[in-house]
Amino acid sequence: MIEIVNLHAEVQGQKILNGLNLKINKGEVHSIMGPNGSGKSTLAAILAGKEDYDITDGDIIYKGESILDLAPDERAQQGIFLAFQYPIEIPGVSNAYFLREALNSINKARGNPVLKPVEFGKLAKQKIKMLKMDETLLKRSLNEGFSGGEKKRNEILQMAILEPLLSILDETDSGLDIDALQIVANGVNSLRNEETAFLVITHYQRLLDYIVPDFVHVLVKGKIVKSGDKSLALELESKGYSWLED
Amino acid sequence: MVEELKIDNDQATKEMLEKNDYKYGFVTDVEQEIIPKGINEDVVRFISNKKNEPEWLLDFRLKAYRKWLTMEEPSWAKLNIEPIDYNGISYFAAPKEMPKSLDEIDPEIIDTYNKLGIPLEEQKQLEGIAIDVVFDSVSLVTTFKDKLAEVGIIFCSFSEAVIEHEELVKKYLGRVIPSGDNYFAALNAAAFTDGSFVYIPKGVKCPMELSTYFRINAEDTGQFERTLIIAEEGSSVSYLEGCTAPKRSTSQLHAACVELIAFDDATIKYSTIQNWYPGDKDGKGGIYNFVTKRGNCVGKNSRISWTQVETGSAITWKYPSCILTGDNSVGEFYSVALTNNRQQADTGTKMIHLGKNTRSTIVSKGISAGFGQNIYRGLVEISKNAQNARNYTVCDSILIGENCGAHTFPYIEVKNSSAQLEHEATTSKIGEDQIFYCQQRGMSEEDALSLIVNGFCKEVFKELPFEFAVEAERLLSVSLEGSVG
Ligand SMILES: Nc1ncnc2c1ncn2[C@@H]1O[C@H](COP(=O)(O)OP(=O)(O)O)[C@@H](O)[C@H]1O
Ligand SMILES: [Mg+2]
């Protein structure tokens, strides 16, 4: 589905990614772990098309084509979704309205019919129920005054409604209690099938008890230094990262 | 002294229309009667005579004109204005054939209003909204007049009110805005040509929205309309005005006066969607909008609420104000002002607290894009006798791009120590993170911008009648086009 080849990226002359390689096939779940500041969020943002970064070398191939020249909205329309580590607030715009605009933008770009408010309402309620979330979430201003946990769960609700092909979760589990963690895991698992793929960035192996990854990678200083199966996550939990840093 | 003039849709205008995005910028091809440019006592007499006005009204005009001659243009506003040649404008323009009923209106004009989304034909009239249609210097028609008359409401053109309801006009005209109040109000008092008149009798809740639609069509003319709304004890009314004008490469002057009077327990809600032609990208042409709007809450427990969405005009200079005379009266001002390209707006309000327990709320949202300049200027005055007065002011500005500006000038004068005032002000740049977030969910950069800006204005839009809130959102999106990327 996506192949990241020898990716080098910097911001204001500071190198952040240093020759990163990663291939994710359809149907797979990959997890990235690594110390703070190793470049995990940067990788996520670059995949989503954020413009602050200079790509100095390498390429990102998605569904067989380079996406480096695509704007963030074009990437989203092609099925790339990023659950933000720090979701953004937009005052005065209801969550439901925002999500309907988003979904319909994607529908339009794909030549699919747009949903009327009533149709969207049905869909949203169904997803909210599936995720065992509170319906009032839809009426509130987007992320404004949401607790940390509510913001994270809201990202998962958005993911469930937009039904992306490639979902990138950036520390969605941080700061969540066990119930919320299960909601996040349910969201991911409900979308998990042969056509979709996930890149789950996390610090904690406990999320991986619920979302069982096919591969675990360790990112240090902008490079993947070790890959393995889910047992690697357990090893990291007990040993930390220092043994992998030079 | 009357000259006949035929206005053409010349090729240049057509081309401009095709290329540009101000969709109301077309010209209506209709035979007009336009008086020669310039202002003097003869012109004032001509207008008065044209309207068959009584002697006292001519005196009112002449007094205002003589006062105006002694006054100077205000220069305190933070506006950069090309000098206005007051003798370069014609002060009266009207379709040559004045209709006596709907059937007699020139089809070109009917068509104009259809294009503006305001069907005039009986069978197509908008439900629940009565409209007074002002085309250049005259009111052409007022819909649902008879239906309103059944409950005693008077809704007609100002000219008609002068003839049919002379005593009411004489009693209230100039009571809130004296004829020599300020430079533009004085010019208006001398030269006003038409406008709307509303009278809601005691205890009557107006059963539909009342609305005036102003359209400037003729070239090199000014528009000087005058609106007077009187709400008697226990009555209520919601009134809306909309405005558009053709695109022209020279600027045009619009100097209106609006006076509102609310008696005991009466409520007047006055909403404006101002979409005059803003000029082109380089600031050529556009309407100079110098407007004096003021309401007096004369009665106790009365309420006057101004809501404005200002997206048009090259220059906007207006401060819809409330004089809170009656005890427990309430004044409100909700404003969205957007300036893009070279537009400039200096707008705000005055809340003058005279009575006890008077309350006022000011919510101002300024949006600047391109090279636009947006100024909020507001005065809250608590007089000596205004025991327990309260004011709440929020003043938010949002900047889009590097070249625009936003400024706020809140003035406060408190002469009674029991007053409670709260003031909040923020200025923010439109967040790149917000735009990226929306884009990551599939929206284009422009859609993202208009979503964020509309959210920013929500507090004001929710004060508008529903259909107009929808229209306001659409207008805002259109006005923002081209301000990203
Ligand atoms: N927009 C930016 N401007 C400047 N420095 C940045 C920016 N984004 C990331 N960085 C820097 O890049 C490094 C990696 O950050 P990040 O990708 O957020 O790490 P992680 O998510 O793994 O904790 C950090 O040193 C961070 O300060
Ligand atoms: Mg991070």
Side-chain angles (χ1 to χ4, degrees), chain A residues 44-53 70-95 97-110 112 114 140-144 151 154-155 157-159 161-164 167-168 170, chain B residues 309 334-336 338 363-367 394-401 424-464 466 469-470 472-474 476-477 480 484-485:
Chain A
I46 287 175
L47 292 177
K50 193 157 196 214
E51 274 159 17
D52 305 359
Y53 306 95
L70 294 188
D73 44 326
E74 292 170 310
R75 298 186 195 198
Q77 289 155 9
Q78 293 200 20
I80 296 178
F81 179 90
L82 169 61
F84 285 64
Q85 183 174 2
Y86 304 108
I88 306 296
E89 300 181 2
I90 304 185
V93 176
S94 81
N95 210 4
Y97 184 75
F98 173 79
L99 261 172
R100 183 158 57 86
E101 287 288 296
L103 181 60
N104 281 337
S105 300
I106 292 174
N107 281 338
K108 260 187 233 159
R110 294 180 184 166
N112 295 336
V114 299
R140 291 163 62 186
S141 263
L142 181 63
N143 291 328
E144 199 189 21
K151 283 184 183 172
N154 196 33
E155 295 290 289
L157 173 65
Q158 297 188 28
M159 183 182 80
I161 287 175
L162 299 179
E163 297 189 343
S167 303
I168 304 154
D170 190 0
Chain B
V309 178
Y334 298 96
S335 170
V336 166
L338 180 147
V363 177
S364 161
K365 303 277 181 176
I367 302 143
V394 207
C395 197
D396 296 329
S397 312
I398 201 165
L399 302 170
I400 302 165
E424 292 171 26
T426 65
T427 300
S428 51
K429 285 205 59 147
I430 196 106
E432 275 175 28
D433 287 345
Q434 287 180 323
I435 302 247
F436 176 62
Y437 190 74
C438 295
Q439 279 190 288
Q440 206 305 301
R441 297 304 185 245
M443 290 173 223
S444 70
E445 198 174 354
E446 290 214 326
D447 287 351
L449 184 67
S450 96
L451 180 104
I452 294 163
V453 170
N454 274 307
F456 173 75
C457 300
K458 194 60 125 248
E459 260 174 287
V460 174
F461 288 171
K462 73 175 176 14
E463 297 297 322
L464 290 170
F466 179 74
V470 174
E473 287 190 19
R474 198 192 58 76
L476 217 55
S477 304
L480 281 170
V484 290

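Per chain, numbering begins at 1; letters A, B, ... match sequence-line order.
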Measure distances from [X] to the heavy atoms of chain B and classify the residue's part below 4.5 Å as side chain, backbone, both or neither.
X	value
A:P164	neither
A:Q158	side chain
A:N107	neither
A:I90	both
A:L99	neither
A:A48	both

Quick check on the structure: residues of residues 436-443 of chain B within a heavy-atom distance below 4.5 Å of chain A, by number.
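Residues B:F436, B:Y437, B:C438, B:Q439, B:Q440, B:R441, B:G442, B:M443 are the ones that qualify, each having a heavy atom under 4.5 Å from chain A.
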
Of the listed residues (A:E101, A:E74, A:K108), which shares the most heavy-atom pairs with chain B below a 4.5 Å separation?
A:E101

Report the option among B:A448, B:C457, B:S444 that has the most heavy-atom pairs separated by less than 4.5 Å from atoms of chain A.
B:S444

Atom OH of A:Y97 and atom CG of B:N454: how far apart are they, to the nearest 0.5 Å?
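Reported value, rounded in 0.5 Å steps: 6.5 Å.
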
Using 0.5 Å steps for rounding, measure from the CD1 atom of B:I435 to the CG atom of A:D73.
11.0 Å

Can you name the closest pair of heavy atoms from A:V93 and B:L451 and give their distance?
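Minimum heavy-atom contact is CG2-O, 3.4 Å.
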
